[in-house]
2 protein chains.
Amino acid sequence: MSEAELPALADRLAVSVDLAVFSVRAHDLQVLLARRGAAPFRGRWALPGGFVRPPETLDDAARRRLPEVTDVPGAYLEQLYTFGAPRRDPRGRVISVAYFALLAGAAPPRGTEDAEVRWHSVNNLPELAFDHAEILRYALRRLRYKLEYTAVGFELLPNEFTLTELQTAYEIVLGEKLDKRNFRRRILEADILAETPRYRESEGQGRPARLYRYKRNAVMEVKARRLFPWGVKEASDERQRHDSPE
Amino acid sequence: MSEAELPALADRLAVSVDLAVFSVRAHDLQVLLARRGAAPFRGRWALPGGFVRPPETLDDAARRRLPEVTDVPGAYLEQLYTFGAPRRDPRGRVISVAYFALLAGAAPPRGTEDAEVRWHSVNNLPELAFDHAEILRYALRRLRYKLEYTAVGFELLPNEFTLTELQTAYEIVLGEKLDKRNFRRRILEADILAETPRYRESEGQGRPARLYRYKRNAVMEVKARRLFPWGVKEASDERQRHDSPE
DNA sequence: CGACTTCGTGTAGCGTTGACACCAACCGGA
DNA sequence: TCCGGTTGGTGTCAACGCTACACGAAGTCG
């Protein structure tokens with residue numbers, strides 16, 4: 001930031017936000033995609049997003065997109081990474097600040113005037129416009145990491161939920177079965193859930209399950225872990241940059 | 001990304017990269033700052049950085065700054081977060097993609113024509129221009145996290161180093177003493193260091209220490225950790241967003 | 001050669017993790 | 001109402017991993 005003057009208009013860049021909106025629906029991890037109604041990539045599916053307007057925050061720009069594609073009370077939103085390859089958009093230089101969002105599974109997609117919006121299974125994705133496949137791969141990786149060392153899983157569920165529903169959501173996202181007793185021990189010891197007096201009695205047989213809700217104002221914090229008590233592997237084939245967070 | 005057309009020139013944004021360049025020098029964690037030679041914030045210290053030019057990658061824009069402020073062979077560089085509050089720059093709307101870099105302690109600062117560049121202790125910082133204090137706080141947090149669960153510590157040292165030097169670097173960054181035997185066990189089990197046949201004999205008394213170097217092509221990878229075997233604390237006073245990476 | 005400094009090494013106790021099986025509550029149909 | 005079917009909810013024990021901790025080795029200096 002040493003230049004005295006802002007760059008000339010011609011040297012300014014278009015800045016967009018793109019959202020990877022995840023939800024667990026139909027026992028599957030899904031992401032919200034919008035079909036492009038105009039060139040370039042007309043007809044292709046893409047992450048919902050749009051250009052940042054001069055007076056708004058990046059977070060605001062991202063949050064503003066949400067009601068355009070789905071009905072949702074509160075959603076978890078987090079900035080992910082900024083993608084800025086010079087030719088990622090054929091129209092010209094556009095840098096994209098990627099966000100990911102977590103929604104309770106109930107949210108139905110909401111089409112816009114000329115843009116069809118639909119949930120897609122992350123296991124069965126169409127070809128995506130721009131570099132959105134890369135963005136989505138990255139978002140997915142981050143989502144899994146995040147779920148492993150933080151407890152944002154609630155954001156994928158309605159306000160009240162059973163422990164089994166929570167565990168199932170984790171299993172779906174992580175793609176791996178978890179031990180019931182250990183899962184419950186951990187999540188309860190973490191002291192971020194509050195029992196409600198209510199039970200889920202609905203749908204069919206079986207013993208009714210206690211409903212829990214997420215304790216507001218409980219914030220996950222990674223307990224200071226001494227150095228890296230983990231592992232190291234040889235350089236994997238995975239040829240990706242973006243190894244930030246983890 | 002549903003609009004068909006790019007925004008008008010007037011609605012484009014200036015995009016800058018700002019770098020938090022860290023190094024361990026004089027038994028202290030330091031960051032490279034440049035004194036601003038022009039308004040706004042003339043005379044204030046700021047993170048080195050500059051505007052992104054249309055044909056270059058964000059990473060390139062960041063890497064291009066490095067030789068302007070210091071001599072360095074290879075430096076570790078990683079994108080951090082993108083800051084986009086509308087009024088963070090009094091000249092107009094500028095969004096800043098923040099990077100952090102790690103340098104071997106030897107690197108001397110290198111002034112530019114009208115910009116003095118100096119190392120500053122992170123424990124004794126001057127007032128910074130723009131929102132750079134916030135960016136730096138964030139970068140520092142990420143650096144500490146990163147060091148705890150990844151083994152980038154080498155990047156703060158010259159090619160060959162002793163285990164004690166490495167441990168000292170970790171202690172300085174983390175601000176906490178570490179157990180010698182445990183540190184060595186961990187770092188060696190990780191199998192990312194290679195012994196050299198050489199010893200550090202210089203400076204003064206004591207038994208000479210074996211020199212090690214960082215194994216190229218050894219990539220840290222967080223061993224898949226089951227769920228969050230960690231802790232949770234009440235919402236801390238720390239009123240910050242940006243809880244991404246961890 | 002003795003005092004001083006830094007290097008380099010092993011173990012035992014403890015806490016945490018992961019694996020594992022059964023009774024409880026409710027439903028529906030016979 | 002009883003019985004089979006389904007889902008909910010609970011405790012222990014063994015293996016492992018982390019932490020804490022002290023002393024002989026190798027060299028320097030006077």
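Basis for what follows: all heavy atoms, side chains included, without hydrogens, waters or symmetry-related copies. Just so it is clear, the structure is predicted and the values come from calculations on it, not from any experiment. So that the names make sense, note that chain A is the first sequence line, chain B the second, and so on, each numbered from 1.
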Query raised in the report: Just how far, in rounded Å, is C1' of dT16(C) from CG of L188(A)?
Result: 17 Å
Query raised in the report: Out of dG10(C), dG9(D), dA26(D), which nucleotide sits closest to the side chain of P208(B)?
Result: dA26(D)
Query raised in the report: Rounded to whole angstrom units, what separation is found between the CG atom of D179(A) and the P atom of dA21(C)?
Result: 11 Å
Query raised in the report: So what does T164(B) hit on the nucleic acid, given a heavy-atom distance under 4.0 Å: a base, only sugar-phosphate, or nothing?
Result: sugar-phosphate
Query raised in the report: Got a sec: does the CD of E195(A) have more than 12 other heavy atoms crowding it under 6.0 Å?
Result: yes
Report task. Please state how far atom CD1 in I187(B) lies from atom C1' in dT9(C), giving the value in whole angstrom units. Result -> 17 Å
Requested in this report: Check the distance between dA19(C)'s C1' and F183(A)'s CZ and give it to me in whole angstrom.
Outcome: 17 Å
**Report entry** Test applied, side-chain contact (heavy atoms from CB on, under 4.5 Å); reference residue, Y99(A); option that passes from L66(A), L80(A), D59(A), V21(A)
**Finding:** D59(A)
Report summary line: Only one of R200(A), R198(A), R213(A) passes salt bridge (Lys or Arg N to Asp or Glu O under 4.0 Å) with E160(A), and that residue is R198(A)
Query raised in the report: For the base of dC7(C), is there a side-chain donor-acceptor partner from R207(B) under 3.5 Å away?
Result: yes
Query raised in the report: Picking from dG27(D), dC7(C), dC27(C), which would you name as closest to the side chain of Q205(A)?
Result: dC27(C)
**Report entry** Distance in angstrom units between Y199(B) OH and dT28(D) P, rounded
**Finding:** 13 Å
**Report entry** d(CZ, R210(B); P, dG27(D)) in whole Å
**Finding:** 12 Å
Requested in this report: Report yes if the distance between the aromatic ring centroids of F161(A) and Y212(A) is under 6.0 Å, otherwise no.
Outcome: no
Query - Residue-phosphate contact under 4.0 Å: R184(B) side-chain N/O, dG8(C) OP1/OP2 - result: yes
Requested in this report: Using a cut-off of strictly less than 4.0 Å, decide whether R185(B) has a side-chain nitrogen or oxygen near OP1 or OP2 of dT9(C).
Outcome: no
Query raised in the report: Given the side-chain rings of Y170(B) and F183(B), with only the six-membered ring counted for Trp, is the space between their centroids under 6.0 Å?
Result: yes
**Report entry** Length of the CG-C1' vector between L163(B) and dT9(C), whole Å
**Finding:** 12 Å
Query raised in the report: To the nearest angstrom, how far is R200(B) atom CZ from dG27(D) atom C1'?
Result: 16 Å
Query raised in the report: Under 4.0 Å between a side-chain N/O of R186(A) and OP1 or OP2 of dG18(C), yes or no?
Result: yes
Report summary line: Heavy-atom nearest nucleotide on DNA chain C taken for K180(B) and for G206(B); more 5' hit belongs to G206(B)
Report summary line: Ranking dA21(C), dG8(D), dC7(C) by distance to the side chain of R181(A), first place goes to dA21(C)
